[in-house]
Amino acid sequence: METPGLVVHGEAEPFSTALRSLINNPLYSDVRFVVGQERQEVFAHRCLLACRCNFFQRLLSSEPGPGVPSPVVLSTVPAEAFLVVLEFLYTNSAKLQRHSVLEVLTAAVEYGLEELRELCLEFVVKALDVELVCEALQVAVTFGLGQLQERCVAFIEAHSQETLRTRGFLELSAPALLPLLRSDKLCVDEAELVLAARSWARVGAAVLERPVAEVAAPVVRELRLALLAPAELSALEEQNRREPLIPVRTRGTRLGCVGGGEGGVVQDEDAEAQRGCLIFTAHSAGC
């Protein structure tokens with residue numbers, strides 16, 4: 001009877017070190033990438049990438065032609081994040097940094113690297129702070145990462161005032177802003193939330209070169225104007241005349257008006273009733 005074989009293991013560290021030395025090393029490389037907006041040249045090894053990642057297996061499936069092969073252009077991933085992805089593919093480990101982990105997470109999702117994605121998610125959750133959380137929320141909404149979205153919203157609920165003052169908040173997309181406006185646990189009053197929404201819309205209007213009201217249209221229905229005090233509503237009405245944010249009327253719904261004239265704040269009674277908010281009537285000129 002044949003004696004069964006025995007699997008033996010050499011030392012892991014020298015093996016990992018040897019493979020790490022091949023990362024972005026032109027020696028024996030047979031594929032060249034041009035990566036990121038900076039168009040950095042990165043060298044790699046076709047067989048290793050193909051056996052470790054289905055994305056690269058499909059991308060590199062064609063045989064290189066004679067002569068010097070053309071580089072593979074990956075313009076959407078920054079070079080620093082791409083090198084972390086290569087580090088993981090070559091060594092099954094990676095050094096994550098707070099300033100670039102969301103870019104690595106994005107690449108891991110796009111390349112179908114489930115293990116690296118989970119490692120990035122674990123790192124992000126531990127590193128969440130006021131400056132990082134809105135960027136993390138944007139990534140979560142963009143790629144449908146439900147658990148990360150929940151953690152980000154919960155963090156913002158607990159640190160609302162500080163988060164609403166960050167650049168990351170102003171750069172959120174409308175789909176990423178909506179779950180915040182729909183939350184009942186934000187530690188700010190509604191007047192502060194309206195001001196934050198206006199600041200967000202101004203930034204979007206400047207970037208997109210569109211009117212503030214047009215940029216704000218997807219999110220203003222989530223502002224619970226019924227919770228504003230009469231003085232706050234008057235101030236909002238005056239500001240709305242100077243810089244329209246709240247639409248004057250919405251077709252197909254029953255509307256109650258707060259303030260009169262062009263730019264007056266209009267309340268969608270059906271939507272507010274469904275949200276359980278108070279319905280209010282005009283406190284100045286009639287509709």
Side-chain angles (χ1 to χ4, degrees), residues 37 75-76 78 102-103 106 130-144 149 152-153 155-157 159-183 186-229 231-253 255-268 271-272 275 277 284 287:
Q37 295 181 352
S75 58
T76 60
L102 293 175
E103 294 166 338
T106 297
V130 169
E131 296 300 326
L132 182 65
V133 67
C134 286
E135 294 180 53
L137 175 61
Q138 183 63 65
V139 171
V141 171
T142 299
F143 294 102
Q149 178 176 327
C152 290
V153 171
F155 183 95
I156 294 171
E157 288 170 343
H159 304 84
S160 304
Q161 290 189 340
E162 304 97 312
T163 304
L164 265 55
R165 299 189 188 105
T166 64
R167 177 179 176 179
F169 173 80
L170 297 176
E171 293 177 348
L172 286 173
S173 67
L177 180 58
L178 288 175
L180 298 181
L181 298 181
R182 291 167 179 163
S183 171
L186 293 176
C187 297
V188 292
D189 60 36
E190 204 67 20
E192 292 177 279
L193 202 55
V194 172
L195 289 175
R198 185 180 290 277
S199 297
W200 170 85
R202 282 173 179 161
V203 171
V207 172
L208 300 173
E209 298 183 344
R210 292 162 51 193
V212 169
E214 182 180 333
V215 172
V219 303
V220 292
R221 284 184 172 274
E222 302 301 329
L223 297 174
R224 286 163 282 199
L225 305 181
L227 301 180
L228 298 179
E232 293 170 333
L233 285 167
S234 296
L236 177 58
E237 177 189 354
E238 179 60 30
Q239 191 170 24
N240 211 56
R241 287 196 182 98
R242 298 193 304 269
E243 181 186 52
L245 177 74
I246 313 296
V248 175
R249 61 177 59 85
T250 303
R251 294 181 180 178
T253 56
L255 299 176
C257 180
V258 179
E262 184 177 357
V265 177
V266 175
Q267 189 65 25
D268 183 334
E272 290 301 323
R275 293 176 61 82
C277 295
S284 56
C287 297

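Rounding to the nearest 0.5 Å gives a distance of 10.5 Å between CD of Glu222 and CG of Leu193. Atoms CG and CD, from Leu245 and Gln239 in turn, are 8.0 Å apart once rounded to the nearest 0.5 Å. For the atom pair CD1 of Ile156 and CG of Leu172, the computed distance is 7.0 Å after rounding to the nearest 0.5 Å.
With Glu192 as the partner, the side-chain contact (heavy atoms from CB on, under 4.5 Å) test is satisfied by one option alone out of Asp189, Val194, Leu195: Asp189. Of the candidates Leu177, Val153, Thr163, Val153 is the only one forming a side-chain contact (heavy atoms from CB on, under 4.5 Å) with Leu137.
With hydrogens and angles disregarded, a donor-acceptor distance shorter than 3.5 Å links the side chain of Glu190 to the backbone of Arg224. Remark: side-chain polar atoms of Glu232 are paired, donor with acceptor, to backbone N or O of Ala229 under 3.5 angstrom.
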query = Please walk me through it: do Val141 and Gln149 pass side chain to side chain contact (heavy atoms under 4.5 Å, CB included)?
reply = CA-CA 7 Å; Val141 171; Gln149 178 176 327; 3.6 Å; yes
Stepwise side chain to side chain contact (heavy atoms under 4.5 Å, CB included) check, Glu243 with Arg198
CA-CA 9 Å; Glu243 181 186 52; Arg198 185 180 290 277; 2.9 Å; yes
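The minimum heavy-atom distance linking Val212 with Pro244 is given by the pair CG1-O, 4.0 Å. Closest approach of Thr106 to Phe143, counting heavy atoms only: CG2-CZ, 3.5 Å. Residues Ala174 and Pro218 approach most closely at CB-CB, 4.1 Å, considering heavy atoms. In terms of heavy-atom proximity, Cys134 sits nearest to Thr166 at SG-OG1, 4.2 Å.
With sequence neighbours excluded, the residues satisfying side chain to side chain donor-acceptor pair (under 3.5 Å) with Glu157 are Ser183. Arg165 pairs by the side chain to side chain donor-acceptor pair (under 3.5 Å) definition with nothing, not counting sequence neighbours. In this structure Glu214 satisfies the side chain to side chain donor-acceptor pair (under 3.5 Å) test together with Arg210, sequence neighbours excluded. Remark: Glu238 pairs with Arg241, Arg242 by the salt bridge (charged side-chain N to carboxylate O under 4.0 Å, His left out) rule, at least two apart or across chains. In this structure, the side-chain contact (heavy atoms from CB on, under 4.5 Å) partners of Ala196, at least two apart in sequence or on a different chain, are Leu164, Phe169. Considering only residues two or more places apart in sequence or on other chains, Gln138 meets the side chain to side chain donor-acceptor pair (under 3.5 Å) condition with Thr142, Ser173.
When side chains are defined from C-beta on, Leu170 counts as touching Ser199, because their heavy atoms get closer than 4.5 Å. Taking the side chain as every heavy atom from C-beta outward, Ile246 and Leu223 approach each other to under 4.5 Å.
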